[in-house]
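The model shown is predicted, which means the values in this text are computed figures rather than measured ones. Chain naming here is simple, since letters A, B, ... match the order of the sequence lines and numbering starts at 1 in each.
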2 protein chains.
Amino acid sequence: MIQTPYLLFLGDAPDALAAKVAQGIKDWRPENSVGQFRLPGCGADMKLPDMTLEEGLAAGAKTLVIGVANRGGVISDAWKEVLVQALNMGYDIASGLHNLLRDEDALVAAARVNGRTLFDVRIPSVAYPIANGVKRSGKRCLAIGTDCSVGKMYTGLAMDTEMQKRGMKSTFRPTGQTGILITGGGVPLDAVIADFMAGAVEYLTPDNDADHWDHIEGQGSLFHVSYSGVTMALIHGGQPDALVLCHEPTRSHMRGLPDYTLPSLQQLRDMAMPIAQIANPNVKVIGVSVNTQHMSEDEAIAYLADLEAELGLPAVDTFRQGAGRLVDALDAL
Amino acid sequence: MIQTPYLLFLGDAPDALAAKVAQGIKDWRPENSVGQFRLPGCGADMKLPDMTLEEGLAAGAKTLVIGVANRGGVISDAWKEVLVQALNMGYDIASGLHNLLRDEDALVAAARVNGRTLFDVRIPSVAYPIANGVKRSGKRCLAIGTDCSVGKMYTGLAMDTEMQKRGMKSTFRPTGQTGILITGGGVPLDAVIADFMAGAVEYLTPDNDADHWDHIEGQGSLFHVSYSGVTMALIHGGQPDALVLCHEPTRSHMRGLPDYTLPSLQQLRDMAMPIAQIANPNVKVIGVSVNTQHMSEDEAIAYLADLEAELGLPAVDTFRQGAGRLVDALDAL
């Protein structure tokens, strides 16, 4: 686990979009950040207190988290200077960049001298077991999508947040680098060796209280030929009790696959159910989560109402409407 | 590609079972082996000429292939002495052992000095791409199973051999270490990073002549929760035109999963077809391949006849009956 709270490193991010990871941490775990660190020319602002490294430490920060994508695939000298200084002052550093911290000699040396840890969250740090398929205690909910990047992480975080608010037992279980940095731990599933994917998901979601819900972050899609194997391992390793179907209705084709159209939500349900029943015969589809950001409010409301009628399931945009009705459906199981 | 022909290293294998890899090479690619090399006490015999390293070289061998499992998870000093000597004499060495050749300092040093190659076929040697899903020319057949280890590799090799005999264009495409050692090349799919599994299969089965068939070696099972993600990537990366259903009818539970029963062949077909249609809308199930080794001849014949009537597909044991009827079915597509 990455130690919290964080100081969020925004570097010289040109705009808010480049600081997506920092934004996710700010939105979903505001208590995990004491402030933000910006270099001259930074165009992103998380509306957190601007702090020097010294001020961050004084405010209790344990880890400097790189909350921004880097440009040109290199960690610049300007960044490195700050990162080395942070290690010298006692920070750990966590990063989801493709360029690994561990490949930078200056960072490795400074971490070693100071006894600090470099977290490259894209790379597994655990030798995961092969899945054994044994039924685990506690409940699990998995978001699956008609395509990649349709709001599965957002849905899981929104449901977890709603459950916490209601005083229900709930944990968000990240399977990608943004989720891992938001919560401080998880499994970078797309970087796990094929034979151990389902085992990594079992490891991520261990036995728990009978009334505890794990919200497992979804990845890929059963209908996305590049990544469907990862989705399969999530379903069989996660042995979910509940599935939430996720969709983005304005896509003209599958992400990155111009020749492939999206399936309908019915097709997704009909393919996923027999697959999920192998690992958990009692699995239910409990609702639909739609990303309607490219529709007007009126269009979105009408679309969701139609879906509810067609599928007989609550259909919501968790960004516009919150996850209350999805949590109601879980609670009713 | 591993250079052929081979000298097969049987070491001090206690019995034929320990020399499964050598047996596979001998059975399926007899032209790939000039002879066998045995240490004192070896209880395995491939009925190939016994040769010294010198005799193997004289007979044209390019690679010493470790055709046997090692005991106790170590590469013994007795083995190492032979392997170093082989490198010094000009052999490459290929191995599917869990213990990697590259982790043995003496072997690495001898390979470097002599400019030879160590092939650890359990480990990918290529940076595979992410799958792009683009339709490829040529035809592909994939064996899928109700469980792991039900005869998928055997089925693919038998169909390839039958096609070669008939003068049809055909290639066996290995996805596991035994298959890779048999043919000299392939993808060790269970060791590939999750994000690149389907891309590795695309890489393995490139564009080809319109009348050429790739027989892609199957792995795992859609119904085996430990490995189903690998099977999924094979189906979506392989975009098969034809599926062969493989089964072993006497299993009481899924391999390694005592709480999971095997699906029926109908269940396998019904789950696999919509999945395979995503990558290739024209895919057909063309036949059934049953491993009846634990049944009497009469039981087997009756069982296969029943299956044919139920499924409306040719059902054969390729070991007892050959792959002729499966190839007929492919040919009729």
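- For A/His253, the NE2 atom is densely surrounded, since the number of other residues' heavy atoms within 6.0 Å is greater than 12.
- Atoms CD1 and OG, on A/Ile278 and B/Ser228 in that order, are 7.0 Å from each other to the nearest 0.5 Å.
- In terms of heavy-atom pairs under 4.5 angstrom with chain A, the leader among B/His224, B/Met271, B/Gln239, B/Met254 is B/Met271.
- To the nearest 0.5 angstrom, A/Ile275 atom CD1 is 5.0 Å from B/Met232 atom CE.
- B/Ile193 and A/Asp190 make their closest contact through CG2-O, 3.3 Å (heavy atoms, listed as atom of the first residue, atom of the second, distance).
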> Would A/Met197 and B/Met197 count as a side-chain contact (heavy atoms from CB on, under 4.5 Å) if you check the C-alpha gap in whole Å, the side-chain angles of each, and the deciding distance to 0.1 Å?
Replying inline: CA-CA 12 Å; A/Met197 294 186 298; B/Met197 294 185 298; 3.5 Å; yes
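- Summarising the local packing, CG of B/Leu333 is surrounded by more than 12 heavy atoms from other residues, nucleotides or ligands at distances under 6.0 Å.
- For chain A, the nearby part of B/Tyr227 is the side chain; its heavy atoms alone come within less than 4.5 Å.
- With a 4.5 angstrom heavy-atom cutoff, B/Ile235 does not touch chain A via any of its atoms.
- The two residues B/Ala131 and A/Val225 make their nearest non-hydrogen contact at CB-O, 4.3 Å.
- Counted within 6.0 Å of CG on A/Asp105, heavy atoms from surrounding residues, nucleotides or ligands total 12 or fewer; the atom is thus considered open.
- The number of heavy atoms from other shown groups lying within 6.0 Å of OH (B/Tyr260) is above 12.
- When B/Asn132, B/Leu222, B/Val134 are compared by the number of non-hydrogen pairs under 4.5 Å with chain A, B/Leu222 comes out ahead.
- The minimum heavy-atom distance linking A/Ile130 with B/Ser226 is given by the pair CG2-CB, 4.0 Å.
- Here the closest non-hydrogen pair linking B/Leu257 and A/Gly133 is CD2-N, 4.4 Å.
- Atom CD1 of B/Ile123 is surrounded by more than 12 heavy atoms from other residues, nucleotides or ligands within 6.0 Å.
- Only the backbone of B/Val192 comes within less than 4.5 Å of a heavy atom in chain A; its side chain stays farther off.
- Between chain B and the options A/Lys135, A/His236, A/Gln219, the largest number of non-hydrogen pairs under 4.5 Å is found for A/His236.
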